[in-house]
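Side chains are part of it too, since the values below use all heavy atoms of this structure and drop only hydrogens, waters and symmetry mates. Naming convention: chains lettered A, B, ... in sequence-line order (proteins, then strands); numbering from 1 in each chain. Just so it is clear, the model here is predicted, and its values are computed rather than measured.
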Amino acid sequence: MLHQHLIDPQICIRCNTCEETCPIGAITHDSMNYVVAPDVCEGCQACISPCPTGAIDSWRDVPRSQAYPVAEQLLWDELPAAKEAVAVSVTSPSQNAPRAPISAATPQCNLYGPTNPILAAVMGNYRVTDAGSASDTRHIVLNFCALPFPVLEGQSLGVIVPGLDAQGRPHHARQYSIASPRDGERPGYNNVALTVKRVEFDHDGRPARGLASNYLCDLQRGDSVQVVGPFGSTFLMPNAPGSHLLMICTGTGSAPMRAMTERRRRLHNTDSRLMLFFGARTRAELPYFGPLMNLPPDFIDLNFAFSRTDGGCYVQDRLRERAGTLLPLLHDPGTHIYVCGLKTMEAGVLQALADIVGPSWPQLANTLITQGRMHIEVY
Amino acid sequence: MSSIDYSEKIPNNVGLSQDKGLQRALEHWQPGFLSWWQDMGPDGSQNFDVYLRTAVSVDPQGWAQFAHVKMPSYRWGIFLNPQQADRRIHFGAHKGEPVWQEVPGEHRANLRRIIVTQGDTEPASVEQQRHLGLTAPSLYDLRNLFQVNVEEGRHLWAMVYLLHKYFGRDGREEGDALLQRRSGDVDNPRILGAFNERTPDWLSFFMFTYFTDRDGKFQLCALAESGFDPLARTCRFMLTEEAHHMFVGESGVARTIARTCAVMNELKTDDPLRLRAAGVIDLPTIQRYLNFHFSVTVDLFGADQSSNAAIFYNAGLKGRYEESKRDDDHQLGDQSYDILTVQEGQLKGQQVPMLNALNEVLRDDYIKDSVGGVNRWNKVIERAGVEFLLKTPHKAFNRRIGSMSGLRFSPSGEVLNEARWQELQDQFLPSVDDRAFVHGLMGRVVLPGQFAGWIAPPPLGINKQSADFEYVRFA
């Protein structure tokens with residue numbers, strides 16, 4: 001699925017601000033409309049706050065192959081209705097503007113941009129998957145030294161890879177979720193950690209070297225990295241007593257879950273529940289497997305799904321297995337749901353939740369979304 | 001004399017705290033500005049907490065910071081778009097030469113005149129709009145008015161910065177004069193005609209921000225091409241704010257139309273009298289307001305043939321709209337342009353050298369842009385199932401400047417004699433009765449989430465705030 005960025009032609013006043021602002025030329029216009037090219041836009045959101053009308057903040061979830069092309073958008077008088085054909089995506093929160101949980105702390109965003117990045121020092125770079133496994137996932141600790149870089153669990157930052165791209169322009173920032181809680185990887189030391197998987201193959205299994213992931217995974221202690229951010233004002237954790245976390249993730253999608261879990265662990269609070277569903281191909285490829293196993297079962301309810309072993313089990317299968325526990329938890333007004341991982345997991349997870357809850361799911365999902373209690377981040 | 005903590009109070013990216021001379025000049029000017037704001041700024045509103053957008057830096061993240069602030073404490077910043085290394089003048093006789101970081105002696109007088117003329121419009125519009133807060137149709141609209149006002153104030157700061165920084169004593173004197181002229185004053189009026197007209201009601205305000213602030217956009221776009229780099233960079237940044245003003249206008253008129261159409265459908269009538277009795281502004285009256293504001297604004301582009309415009313262009317001081325996107329020689333020595341004349345009682349086209357017709361070129365670009373929004377208003381009418389088409393009048397209509405001035409035309413461009421004009425003018429332009437009706441409709445609505453009966457609520461809140469958000473908190 002593609003979370004397609006669009007401009008609402010009924011609200012837009014054609015002022016050209018977005019086109020002027022877009023750092024990569026994804027926005028274009030004719031005498032009728034301003035439109036976003038789906039194959040160019042990277043969703044960096046630099047255009048969102050300068051827009052005087054709010055028309056720019058429009059999104060539709062569509063199968064990637066059916067993205068609205070520029071030529072079609074130029075003819076629109078109004079946005080197409082959000083598609084209801086795909087049953088599970090009706091309830092996807094990305095159709096409405098995402099909202100932060102009501103008890104979330106106020107995040108600071110965009111303190112550093114491409115014109116004024118912050119320089120971070122690498123304090124450590126550790127492999128968090130088994131040495132022999134096919135997946136090289138790294139836990140990279142960055143220190144911001146004397147400059148502030150305040151973060152909340154669930155926020156992300158951008159890394160600018162040095163050098164120029166094929167067109168001779170500086171590389172644009174690549175975004176990574178922060179894996180540390182708000183007081184840092186080591187409390188009080190102004191540092192955060194990232195969880196980065198070295199990309200050596202594309203989605204279809206063809207060899208492809210990920211520029212930023214390889215740059216990050218090869219960093220040595222003492223190296224400097226240009227960082228922008230922090231980003232994210234909705235995928236945040238609740239702070240209210242009795243707020244439960246239902247976390248569903250695969251691979252490096254575990255980073256924000258690790259941050260939230262660590263925050264709760266440091267607070268020692270006992271009145272809320274943590275439940276984690278975590279998928280990977282094999283146990284050896286599951287980041288942080290060892291440290292997770294050290295957490296006491298009365299603190300967090302762990303559920304692993306291994307797709308290459310265990311007879312090919314996915315997170316949605318584990319969700320269904322735990323339906324008895326999940327059903328009351330999903331109806332609990334203190335429950336907050338977080339989904340993070342590869343795009344392919346979103347539909348399966350939402351379908352599993354729909355199956356567990358039954359016919360009242362669309363209504364419940366709508367409540368969860370409007371109350372800022374369901375958050376999905378897939379890539 | 002009050003002193004200013006420059007890094008805190010005046011967000012800037014011009015190194016203000018390092019420039020002692022400039023600091024002194026602005027320190028001298030600032031009390032005058034505040035006293036002008038107290039006297040001529042929004043009436044009776046100095047103590048309100050207003051949900052305003054403040055620019056604290058020029059990057060996309062930094063320039064839209066929302067919070068409730070009191071307007072006299074608004075942080076009027078000074079921002080220039082980031083400097084482009086190796087930028088070159090790309091039109092006129094100096095084409096290809098590096099842009100100027102200082103004012104070239106031979107262009108000093110012209111540049112000063114351009115900046116003063118632009119700068120004069122900023123406080124003028126604040127003065128024109130100062131009483132509107134008393135009849136705001138909602139808190140949302142009141143907030144939008146104040147946002148427009150503080151940003152006009154910031155644009156004044158931006159122009160005064162240029163005058164102080166680059167024009168020495170002359171510049172300081174011009175900076176003071178900007179605070180002394182008054183919109184509509186008989187003895188010391190603002191420089192341009194449209195900025196001495198009254199903005200007596202909210203329909204006028206919306207039309208003004210749609211049409212007249214769009215003139216601002218085109219002037220700023222033309223100046224953003226300038227070879228004088230600080231002026232170009234200042235104007236480029238001002239454009240992002242100008243967009244908000246046009247948004248207020250375009251959406252304000254659209255909401256007025258939407259409400260009228262809703263009542264037309266409710267009452268199943270298009271009778272202006274019945275609609276007026278129901279408390280909405282009938283579409284023919286909206287058309288007459290449109291005719292007035294459009295025609296007054298196209299005058300702002302100046303005479304159709306102007307040797308000054310040619311000099312400004314040739315000298316690299318002021319380009320055309322989107323100069324860099326045009327594919328001609330950018331010197332225009334042998335190009336011609338079609339302007340309007342009247343021959344034997346008929347409107348005719350006449351080819352003249354393009355260099356002399358640059359005001360007309362900018363005016364025509366402006367008209368094209370204006371028509372787009374009017375078509376979007378028509379979409380609102382069409383969606384409501386009402387049959388009515390708003391139209392921009394012919395550019396010869398109701399002109400006071402240029403070769404059409406003094407001649408009489410209908411909005412469709414038909415030549416009229418004086419008697420016929422007198423007979424028909426109340427059909428073309430808002431009559432005394434029209435203005436009295438609209439004025440009578442204005443009443444203050446200040447409960448969160450409530451709107452006056454003649455205007456529909458907006459589809460979206462500012463910064464995604466909910467419909468009942470308290471945009472303004474009264475003292």
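Only the backbone of A/Cys12 comes within contact range of chain B, judged by heavy atoms closer than 4.5 Å. Of the atoms belonging to A/Ser49, heavy atoms from both backbone and side chain fall under 4.5 Å from chain B. With a 4.5 angstrom heavy-atom cutoff, B/Lys217 touches chain A only via side-chain atoms.
Proximity of B/Ser251 to A/Thr53: side-chain heavy atoms (C-beta onward) are nowhere separated by under 4.5 Å.
One finds the SG atom of A/Cys15 at 9.5 Å from the CZ atom of B/Arg214 (value rounded to the nearest 0.5 Å). Between the CG atom of B/Leu239 and the CD atom of A/Glu20 there is a distance of 7.5 Å, given to the nearest 0.5 Å. Annotation: the span from A/Ile11 atom CD1 to B/Phe247 atom CZ amounts to 8.5 Å, rounded to 0.5 Å. Here the NZ atom belonging to B/Lys464 is positioned 9.0 Å from the CZ atom belonging to A/Arg99, to the nearest 0.5 angstrom. Note that CG of B/Asp369 and CG of A/Asn16 are 9.5 Å apart. Values are rounded to the nearest 0.5 Å. Between the CD atom of A/Gln10 and the CG atom of B/Leu460 there is a distance of 11.0 Å, given to the nearest 0.5 Å.
A 6.0 Å sphere centred on CD1 of A/Ile102 holds no more than 12 heavy atoms belonging to other residues, nucleotides or ligands. Residue A/Gln363 places its CD atom among 12 or fewer non-hydrogen atoms of other residues, nucleotides or ligands, all under 6.0 Å distant.
Of the listed residues (A/Ala46, A/Pro9, A/Cys51), the greatest number of heavy-atom pairs within a distance under 4.5 Å of chain B belongs to A/Ala46. In terms of heavy-atom pairs under 4.5 Å with chain A, the best-connected choice from B/Arg376, B/Glu250, B/Lys379 is B/Arg376.
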